[in-house]
Amino acid sequence: MSKDFYETLGIAHSASEDEIKKAYRKLAMKYHPDRNPNNKEAEEKFKEIQKAYDTLSDPQKKAAYDQYGHAAFEQGGFGGAGDFGGFGGFGGFGGAQGFDFGDIFSQMFGGAGGARQPNYQGEDISYRVEITLEEAATGVKRQITIPTYEECDVCHGSGAKAGTKATTCSTCHGSGTVHVRQAIFQIQQTCPTCGGTGKEIKEPCLKCHGAGRVKASKTVEVNIPAGIDDGQRIRLTGEGEPGTHGAPNGDLYIHVSVAPHKIFQRDPEIPTDLHCELPISFATAALGGEVEVPTLGGKVKLNIPAGTQNGKKMRVKGKGVKSVRSSLVGDLYCHIVVETPINLTERQKELLAEFETISTGLDRSQTPRQKSFWERLKEAFD
């Protein structure tokens with residue numbers, strides 16, 4: 001009894017196309033004749049792997065194998081990759097005389113009973129929306145206009161010119177499908193003349209050119225939730241292009257872009273947290289004090305401790321951005337920038353010079369960064 005093709009490749013019957021391909025490549029590299037010269041066992045194994053892959057990588061052959069197993073290919077078996085696109089010759093099913101492959105594919109891909117209208121799901125639509133950081137923090141509603149299709153008001157969807165009508169397709173005789181013979185197979189395909197509708201339009205509508213629908217536009221309201229981040233997207237199911245003949249519409253994907261803010265930046269690791277620079281004077285840094293801090297919701301007071309150093313990060317709790325998935329609100333982190341004054345007046349220069357004079361010989365405990373610097377310098381050269 002022939003070995004199960006899935007077992008040959010070491011995969012489950014539910015394996016995806018990528019899993020089938022990955023398993024084949026791994027085994028083919030292992031048992032390839034070039035890697036195993038004069039090894040008959042490896043050569044036979046390679047042929048088994050190739051045969052299994054030729055079957056399972058082809059959707060139609062895989063469907064036949066899944067339904068009928070090796071019985072579909074008993075007489076003659078599979079040929080090499082160049083034999084009729086992978087199939088070798090065979091004379092039908094073993095012991096199943098008179099079994100027509102047209103019946104197999106008719107069962108799997110649909111029969112030819114009656115005219116068949118092709119049902120195509122509508123295409124998805126992508127639309128980019130730019131919002132401000134404030135809008136991202138609070139949420140916002142936007143109305144957008146997107147392209148779509150609507151029924152032609154001249155032919156009312158028939159696609160035929162006024163005063164005429166579609167006729168039965170002369171190629172498929174109204175079935176919407178044709179049977180194509182490939183080697184000994186008879187495969188059912190969509191009719192190339194009518195595209196599966198079963199009808200021919202001799203004189204197309206002048207407005208829609210036979211399509212039965214025309215381009216239009218529609219307005220959609222989009223609810224952008226609070227906390228959304230730059231690059232995230234929103235899917236509106238069924239708001240894409242309409243499907244044909246009752247098939248479902250496509251979806252509308254809203255790609256959100258958050259414009260850069262002049263003051264705040266979102267934390268790339270924690271999108272609910274905000275960061276900003278907070279310039280303070282030398283005197284405030286040294287003596288401490290209270291300063292106003294901007295937030296997305298207005299200004300708040302922040303206490304600056306005496307002796308605050310440049311670069312210190314101070315947290316303002318709950319003044320960040322709400323999480324898009326919960327009620328959690330992040331924090332605002334202020335990065336202190338001790339600003340050196342410029343364009344000093346003569347009096348300011350005098351006071352700073354006096355301060356510098358009386359600061360000569362300060363205890364190193366008053367200048368922790370200088371103390372650390374000189375201690376490290378001493379260690380480096382001792």
Chemist: Quick one: salt bridge (Lys or Arg N to Asp or Glu O under 4.0 Å) partners of Arg128, sequence neighbours excluded?
Modeler: none
Chemist: Under a 4.5 Å side-chain heavy-atom rule over Ile, Leu, Val, Met, Phe, Trp and Tyr, are Ile201 and Val214 clustered together?
Modeler: no
Chemist: Quick check on the hydrophobic clustering: are Val321 and Ile270 connected, directly or via other members, by side-chain heavy-atom contacts under 4.5 Å?
Modeler: no
Chemist: Lys22 vs Glu19, test: salt bridge (Lys or Arg N to Asp or Glu O under 4.0 Å). Steps then yes/no.
Modeler: CA-CA 5 Å; Lys22 185 177 180 180; Glu19 288 172 332; over 6 Å; no
Chemist: If we check side-chain hydrogen bond (donor to acceptor under 3.5 Å, both in side chains) with Arg142, which of these qualifies: Glu130, Glu221, Glu135?
Modeler: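 For Arg142, the side-chain hydrogen bond (donor to acceptor under 3.5 Å, both in side chains) check succeeds only for Glu135.
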Chemist: So which heavy atom on Ala52 is nearest to which on Leu9, and how close?
Modeler: CB-CG, 4.0 Å
Chemist: Which pair of heavy atoms, one from Leu296 and one from Ala137, lies closest together, and at what distance?
Modeler: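 Closest pair (atom of Leu296, atom of Ala137, distance): CD1-CB, 3.7 Å.
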Chemist: Please assess Phe282 against Thr340 for the test side chain to side chain contact (heavy atoms under 4.5 Å, CB included), listing each intermediate value before the final yes or no.
Modeler: CA-CA 7 Å; Phe282 163 75; Thr340 301; over 6 Å; no
Chemist: Supply the atom-to-atom distance Lys301 NZ to Ile304 CD1, rounded to the nearest 0.5 angstrom.
Modeler: 12.0 Å
Chemist: Supply the members, apart from Leu352, of the Ile/Leu/Val/Met/Phe/Trp/Tyr cluster built from side-chain contacts under 4.5 Å; use none for a lone residue.
Modeler: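 Once heavy-atom contacts under 4.5 Å are chained together, Leu352 belongs with Leu344.
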Chemist: For Glu241, what residues pass the salt bridge (Lys or Arg N to Asp or Glu O under 4.0 Å) criterion, not counting sequence neighbours?
Modeler: none
Chemist: Can you list the residues that meet the side-chain hydrogen bond (donor to acceptor under 3.5 Å, both in side chains) rule with Thr345, with sequence neighbours excluded?
Modeler: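 Here the qualifying residues are Gln348.
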Chemist: Any side-chain heavy-atom pair from Arg233 and Ser126 closer than 4.5 angstrom?
Modeler: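 Counting from C-beta outward, Arg233 and Ser126 never come under 4.5 Å.
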Chemist: Is any side-chain heavy atom of Pro192 closer than 4.5 Å to one of Val178?
Modeler: yes
Chemist: Assess the side chains of Ser170 and Glu200: does a donor N or O sit below 3.5 Å from an acceptor N or O?
Modeler: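 Their side chains do contain a donor-acceptor pair, which is all the 3.5 Å distance test asks for.
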Chemist: If you round to the nearest 0.5 Å, how far is CZ of Arg266 from CG of Leu133?
Modeler: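 The CZ atom of Arg266 is 6.5 Å from CG of Leu133, to the nearest 0.5 Å.
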Chemist: Pairs in or reaching into residues 148-166: which pass side-chain hydrogen bond (donor to acceptor under 3.5 Å, both in side chains), with residues at least two apart or in two chains?
Modeler: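 Counting only pairs at least two positions apart or across chains, the side-chain hydrogen bond (donor to acceptor under 3.5 Å, both in side chains) contacts touching residues 148-166 are Asp153-Lys207.
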Chemist: Is there a chain of hydrophobic side chains (I, L, V, M, F, W, Y, each step under 4.5 Å between heavy atoms) that links Val337 to Ile280?
Modeler: no
Chemist: Scan for side-chain hydrogen bond (donor to acceptor under 3.5 Å, both in side chains) pairs involving residues 329-338, sequence neighbours excluded, and state none if there are none.
Modeler: His275-His335, Arg315-Asp331
Chemist: Given the rule in the side chain to side chain contact (heavy atoms under 4.5 Å, CB included) test, do Leu332 and Cys276 qualify, once you have shown the distances and angles that lead to the verdict?
Modeler: CA-CA 8 Å; Leu332 169 63; Cys276 74; 4.1 Å; yes
Chemist: Could you state whether Ile144 and Leu236 fall into the same hydrophobic cluster, counting links through intermediate Ile, Leu, Val, Met, Phe, Trp or Tyr residues with side-chain heavy atoms under 4.5 angstrom apart?
Modeler: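 Yes; Leu236 is reachable from Ile144 via cluster members.
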Chemist: State the CD1-CD1 distance between Ile234 and Ile228, to the nearest 0.5 angstrom.
Modeler: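 Separation between the atoms: 4.0 Å.
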Chemist: With sequence neighbours left out, which residue pairs that include part of residues 283-297 fulfil the side-chain hydrogen bond (donor to acceptor under 3.5 Å, both in side chains) condition?
Modeler: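 Counting only pairs at least two positions apart or across chains, the side-chain hydrogen bond (donor to acceptor under 3.5 Å, both in side chains) contacts touching residues 283-297 are Ser281-Thr284.
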Chemist: Drop me the distance from Leu278's CG to Glu339's CD, to the nearest 0.5 angstrom.
Modeler: 10.5 Å
Chemist: Flag the pair Gln309 / Val338 as yes when at least one side-chain heavy-atom distance between them is below 4.5 Å, and no otherwise.
Modeler: no
Chemist: For the residue pair Arg213 and Cys208, what are the closest heavy atoms and their distance?
Modeler: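 So the minimum-distance heavy-atom pair works out to O-CB, 3.6 Å.
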Chemist: Should Lys30 and Phe46 be marked as a side chain to side chain contact (heavy atoms under 4.5 Å, CB included) after you check the CA-CA gap, both sets of side-chain angles, and the distance that decides it?
Modeler: CA-CA 9 Å; Lys30 181 178 180 180; Phe46 181 77; over 6 Å; no
Chemist: List the atom of Ser327, the atom of Lys322, and the distance in Å for their closest heavy-atom pair.
Modeler: CA-CE, 4.2 Å
Chemist: Nearest 0.5 angstrom please: Cys194 SG to His173 NE2, how far?
Modeler: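 Output value for this atom pair is 11.0 Å.
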Chemist: With sequence neighbours excluded, give me every ring pair (Phe, Tyr, Trp, His ring centres under 6.0 Å) pair touching residues 310-331.
Modeler: none
Chemist: Taking salt bridge (Lys or Arg N to Asp or Glu O under 4.0 Å) as the test, write out the residues that go with Glu48, two or more places apart.
Modeler: none
Chemist: Take Thr272 and Val329 through the side chain to side chain contact (heavy atoms under 4.5 Å, CB included) test and state the conclusion after the steps.
Modeler: CA-CA 6 Å; Thr272 55; Val329 179; over 6 Å; no
Chemist: Enumerate, atom names and distances included, each donor-acceptor pair closer than 3.5 Å involving a side-chain atom of residues 250-258, sequence neighbours excluded.
Modeler:
residue: Asp251; atom: OD1; partner: Gly238; partner atom: N; Å: 2.9

Chemist: Does Lys62 have any salt bridge (Lys or Arg N to Asp or Glu O under 4.0 Å) partners at least two apart in sequence or in another chain, and if so, which?
Modeler: Asp66
Chemist: How close do Tyr24 and Ile49 get, counting heavy atoms only, and between which atoms?
Modeler: CD1-CG2, 3.6 Å
Chemist: Say whether Asn39 and Glu43, considering side chains only, have a donor N or O and an acceptor N or O under 3.5 Å apart.
Modeler: no
Chemist: More than 12 heavy atoms of other residues, nucleotides or ligands under 6.0 Å from CD of Glu350: yes or no?
Modeler: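 Counting neighbours around CD of Glu350, more than 12 heavy atoms of other residues, nucleotides or ligands fall under 6.0 Å, so yes.
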Chemist: May I ask you to decide if Ile263's main-chain N or O and Gln265's side chain share a donor-acceptor pair within less than 3.5 Å?
Modeler: yes
Chemist: What's the shortest heavy-atom distance between Cys334 and Val316, and which atoms?
Modeler: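 In this case the closest contact between Cys334 and Val316 is SG-CG2, 4.1 Å.
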Chemist: Could you work out, with ring-ring contact (aromatic ring centres under 6.0 Å, His included) as the rule, every residue matching His261, not counting sequence neighbours?
Modeler: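 Checked His261 against ring-ring contact (aromatic ring centres under 6.0 Å, His included); matches are Phe264.
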Chemist: Report whether Val300 and Leu274 are members of the same hydrophobic cluster (ILVMFWY, side-chain heavy atoms less than 4.5 Å apart, transitive linking).
Modeler: yes
Chemist: If we only count heavy atoms from C-beta on, is the Asp4 to His13 side-chain gap below 4.5 Å?
Modeler: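 Yes. Closest side-chain heavy atoms under 4.5 Å.
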Chemist: To the nearest 0.5 Å, tell me how far Glu44 CD sits from Tyr31 OH.
Modeler: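 Rounded to the nearest 0.5 Å, the CD-OH separation comes to 13.0 Å.
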Chemist: Would you say Asn38 has more than 12 foreign heavy atoms packed within less than 6.0 Å of its CG?
Modeler: no
